[in-house]
Amino acid sequence: MENANHLVRLKTVVRCFVTSKWIAEENRQKENEAAVRIQSWFRGCQVRAYLSHLHKTATLIQKIWRGFSARALFRHRVKTAYFIMKMNFYNKMAVKIQQRWRGYYVRKYVHNYYARKRYLEGLTRKNEHIRRDLEEFAELQRRERERITLEKEEKEKNIQAQRLHFLLSTKQCPGVFNSPFKEEPDEMELRLRKVKPLLVRSAPKERKTPNITPDLYNLMPNRERLPPIHKKPQGPFRPAPEVQQQRHRPLEPSLRVATSITALEEAREELKRQEWRTRVIDQTFIPFSNTSRNKRYEGMMHTSTPFEQVAYGTKHFREEHKKYLEGKKPFKTVFTTCHVFDKFGRLYSNAGNIV
């Protein structure tokens, strides 16, 4: 009995094992595909999460680096703008100082106001005298022209009266200019009475001169006679009006003749004056540097001459008249300190040291 139960249980177990084995074999491919799909999805999630982490990290690094570089660029631009503004301010102040100094120097030593005033007053008086003399000379010329015109008209009238002398009145026949219906005779009638008649000159008579030239044909009978000379000249002659125009053509001087002999020197002097009036500092003012201390002034190429100008700084107006400055106190300024140069330990005047 026990053996039978044991066999039945064994068969049941075998049947269950075979059934489960058969079911597992049928579902093996489906389960394998499901496992592969689950694994691929999980691995995809892992890779995407890692890539997202990398993107976020790269974005953070780029953001920090770009912010750092932008702030550095902004600081550099601020420094550049501040430096340019400071240089512009220094240049403006230097130009103002140069304007004041040049104006003072020109007013004091180049164009003296009182000397110019005296010169202009003398020039005004001289102009008045010259203008008065010119007016008198113009009046004399006008009178001379009127006199010459009157003499010319009188001469023409006399010539016309001489030509019309045959119209003079007589006792028997009154002339054209002596009408019986007028109280007084005409002006031409009085002029005809004063002038003499114009003599008519006869044409000069041709003088017959004996032919003293030998007959060459008789002397040299074997020589051929020359052809007769035509009335019209033969040859390429130019017409008379063109020859007359060529003779009386206006003067056409060349460029060298029309140009003044001192044109080059005058142009150089004008360029020098223009350079002095419009002189501008070519190099920007660099504070607290000795780069251009001993640099000589270089003039323009057009105004360069063998006689070079004295270097700037070697001649001062105080050195020209030293005898007027003997015994005088030195010039003192009343400026206060400038905070821009405090860190360099430089002050404008002694008053600043006291402050």
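Quick caveat, the model's predicted, so the values are computed rather than measured. Residues take their numbers from the sequence shown, with the count starting at 1.
Salt-bridge check for Arg191 with Glu187: passed, with a basic side-chain N closer than 4.0 Å to an acidic carboxylate O. Under the 4.0 Å criterion applied to side-chain N and carboxylate O atoms, Glu136 and Arg132 are not assigned as salt-bridge partners. Salt bridge status for Glu128 with Arg131: absent, with no side-chain N to carboxylate O gap under 4.0 Å. Contact check on Lys272 versus Glu275 returns no salt bridge, with no Lys/Arg side-chain nitrogen under 4.0 Å from an Asp/Glu carboxylate oxygen. A salt bridge links Arg143 with Glu139: at least one charged nitrogen is closer than 4.0 Å to a carboxylate oxygen. Remark: Lys155 does not engage Glu151 in a salt bridge, criterion side-chain N to carboxylate O under 4.0 Å.
Interatomic distance, Lys96 NZ to Met93 CE, rounded to the nearest 0.5 Å: 4.0 Å. Remark: Asn5 CG to Arg9 CZ distance equals 6.5 Å, nearest 0.5 Å. Note: Ile84 CD1 to Asn91 CG = 11.5 Å, rounded to the nearest 0.5 Å. Atom CG in Leu120 sits 11.0 Å away from atom CZ in Arg125 (nearest 0.5 Å). In this structure, Tyr90 OH and Met85 CE are separated by 10.0 Å, a value rounded to the nearest 0.5 Å. Here Phe74 contributes atom CZ and Arg77 contributes atom CZ; the two are 9.5 Å apart, rounded to the nearest 0.5 Å.
Residue Arg142 qualifies as enclosed at atom CZ: its count of foreign heavy atoms under 6.0 Å is above 12. The environment of Gln39 atom CD is dense: over 12 non-hydrogen atoms of other residues, nucleotides or ligands sit within 6.0 angstrom. Annotation: Phe166, atom CZ; neighbour count of heavy atoms from other residues, nucleotides and ligands within 6.0 Å is above 12. Heavy atoms from other residues, nucleotides or ligands lying under 6.0 Å from CZ of Arg163 number 12 at most. Heavy-atom contacts from other residues, nucleotides or ligands closer than 6.0 Å to CG of Leu264 number more than 12.
Of the candidates Asn158, Leu168, Ile159, Leu164, Val195 forms a side-chain contact (heavy atoms from CB on, under 4.5 Å) with just one, namely Asn158. When the options Lys30, Glu25, Glu26, Glu31 are evaluated for a side-chain contact (heavy atoms from CB on, under 4.5 Å) with Arg28, the one that passes is Glu25.
Inter-residue side-chain proximity for Thr170 and Cys173 is flagged as met; some heavy-atom pair is nearer than 4.5 Å. The shortest side-chain heavy-atom distance between Gln160 and Glu156 does not fall under the 4.5 Å cut-off. The side-chain heavy atoms of Leu150 and Arg147, taken from C-beta on, include no pair separated by under 4.5 Å. Proximity of Arg193 to Asn178: side-chain heavy atoms (C-beta onward) are separated by under 4.5 Å at one or more points. Contact annotation: the side chain of Gln46 approaches that of Phe42 to within less than 4.5 Å [non-hydrogen atoms, C-beta and beyond]. A heavy-atom distance below 4.5 Å is found between the side chains of Gln274 and Leu271. The shortest distance between side-chain heavy atoms of Arg145 and Ile148 does not fall below 4.5 Å. Counting heavy atoms from C-beta outward, Ser40 and Arg43 have side chains that stay 4.5 Å or more apart.
Contact detail for Ser169 and Pro174: the closest heavy-atom pair is OG-C, 3.8 Å. When all heavy atoms of Leu192 and Ala161 are compared, the closest pair comes out as CD2-O, 3.0 Å.
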Apply salt bridge (charged side-chain N to carboxylate O under 4.0 Å, His left out) to residues Glu270 and Arg273 and explain how you reach the verdict.
CA-CA 5 Å; Glu270 181 63 25; Arg273 289 194 293 270; 2.8 Å; yes
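A continuous path of ILVMFWY side-chain contacts below 4.5 Å connects Val106 to Trp101, so both sit in one hydrophobic cluster. Phe177 and Leu190 are assigned to two separate hydrophobic clusters, defined by single-linkage of ILVMFWY side chains at heavy-atom distances under 4.5 Å. Phe89 and Phe83 fall within a single hydrophobic cluster, where Ile, Leu, Val, Met, Phe, Trp and Tyr side chains are chained together by heavy-atom contacts under 4.5 Å.
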Donor-acceptor contacts under 3.5 Å from residues 54-69 side chains, at least two apart:
unit_1 : atom_1 : unit_2 : atom_2 : d
Thr57  : OG1    : His53  : O      : 2.7
Thr59  : OG1    : His55  : O      : 2.8
Ser69  : OG     : Trp65  : O      : 3.1
Ser69  : OG     : Arg66  : O      : 3.0

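Between the side chain of Ser52 and the backbone N or O of Arg48 there is no donor-acceptor pair closer than 3.5 Å.
Between the side chains of Ser260 and Glu266, no donor-acceptor pair of N or O atoms lies under 3.5 Å.
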